[in-house]
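Worksheet for the structure shown next.
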Amino acid sequence: MNLPPVPEIPPELRSGTVVCVAGAVIAPRPGDRRDAERHANDLLGPLRAVAAPLEDTWAPGGTEAVARAHMDPPGPVRVLGDHLLVTDLAGGGADALLGSAGPGTGSPLVAAELRQLGGALGEPDPAGGVLDHLPAAYAFMAAGLPELHAPQAIRERCAAVRAALAPWDTGRTAPGFVESPDQPQGHLDDGQIAAVDRVRLHYDPDGLFRADVMTGTSALV
């Protein structure tokens, strides 16, 4: 992350490029909290041993705390960015990301994020409908603030990161994360598009709502 110089952000987090490790360990029942805390400490202990964290905000909380994990502003903020689903990054993928958006690159991106998938998100569900899982190890997301940097610089950096991650790009995306119509929209493959189009033809044979269909998600537009 390269956070902007605004008073709401602690000074130590906006003094240069920083790494944020955010997540949640779930305790399904109140009695599971101690096990969840132990599991979190097992995961975070080796990271804390590398160096003292600039901010260590991991703490027990309810579901509402998850939304605050990234310290995102409470209201909408205009951003430019990119998104793709990637494989496990073996063979240099992490280096490719750091080399294109990490320290010393002059990146105008406020954030270049890998969000871990797998688990239930990676398991097909026969009752889950057309899009029943996300076939990738990570979701990559990049964001830049046009109020801080020229839009063209942000777009060029996003293109450079996308090119660097090309060997690990699955060609797929997750719904809702694609930033604009000119970026690849790949959360449905050809078979899934055909299945969704059959539903569209059944319920909207005249195409009244097709103007709202996302690019790359229908063969009818």
Side-chain angles (χ1 to χ4, degrees), residues 1-9 13-22 67 69-117 121 131 134-190 193 210-219 221:
M1 298 192 301
N2 295 294
L3 298 174
V6 296
E8 293 82 4
I9 298 175
L13 298 184
R14 46 184 166 93
S15 59
T17 302
V18 297
V19 174
C20 172
V21 179
H70 283 168
M71 297 183 296
D72 287 338
V77 175
R78 182 171 175 250
V79 300
L80 296 174
D82 199 4
H83 159 66
L84 52 150
L85 296 183
V86 297
T87 61
D88 62 7
L89 300 179
D95 290 338
L97 175 58
L98 289 173
S100 57
T105 62
S107 171
L109 300 177
V110 172
E113 176 183 353
L114 288 173
R115 188 168 297 184
Q116 188 176 22
L117 303 178
L121 284 171
L131 185 64
L134 295 178
Y138 299 96
F140 169 75
M141 287 160 282
L145 300 176
E147 287 78 8
L148 298 178
H149 299 281
Q152 185 60 26
I154 297 173
R155 294 189 183 98
E156 289 176 354
R157 180 63 57 167
C158 286
V161 178
R162 175 178 282 272
L165 292 176
W168 300 272
D169 186 358
T170 65
R172 304 297 296 271
T173 59
F177 286 99
V178 176
E179 293 285 348
S180 67
D182 59 346
Q183 293 174 345
Q185 178 73 256
H187 69 269
L188 301 177
D189 61 26
D190 290 344
I193 288 174
R210 287 181 200 167
D212 285 340
V213 175
M214 288 180 289
T215 303
T217 63
S218 175
V221 293

Show every donor-acceptor pair shorter than 3.5 Å between a side-chain atom in residues 135-151 and any protein atom, with sequence neighbours excluded, or say none if there are none.
none

Spatial distance of atom [atom1] ([X]) from atom [atom2] ([Y]) [nearest 0.5 Å]:
X      : Y      : atom1 : atom2 : result
Leu13  : Asn2   : CG    : CG    : 12.0 Å
Thr170 : Leu85  : OG1   : CG    : 4.5 Å
Ile193 : Thr217 : CD1   : OG1   : 6.5 Å
Glu179 : Gln185 : CD    : CD    : 11.5 Å
Leu121 : Arg115 : CG    : CZ    : 10.5 Å
Leu80  : Ile154 : CG    : CD1   : 5.0 Å

Just by distance, do the side chain of [X] and the backbone of [Y] share a donor-acceptor pair under 3.5 Å?
X      : Y      : result
Gln183 : Gly81  : yes
Thr173 : His187 : yes
His83  : Ala174 : yes
Arg172 : Gly186 : yes

For [X] and [Y], which heavy atoms make the closest approach, and how far apart are they?
X      : Y      : answer
Gly92  : Trp168 : C-CZ2, 3.6 Å
Ala96  : Ala164 : CB-O, 3.6 Å
Ser107 : Ala101 : CB-O, 4.0 Å

Can you pull out every salt bridge (charged side-chain N to carboxylate O under 4.0 Å, His left out) where at least one residue sits in residues 74-99? Sequence neighbours excluded, please. Asp82-Arg162
Using the test salt bridge (charged side-chain N to carboxylate O under 4.0 Å, His left out), find all partners of Arg210 that sit at least two apart in sequence or belong to another chain. none
Residue pair Thr105, Arg157: steps toward the side chain to side chain contact (heavy atoms under 4.5 Å, CB included) verdict: CA-CA 10 Å; Thr105 62; Arg157 180 63 57 167; 3.7 Å; yes
Taking the side chain as every heavy atom from C-beta outward, state whether Leu89 and Leu97 have any pair of such atoms under 4.5 Å apart. no
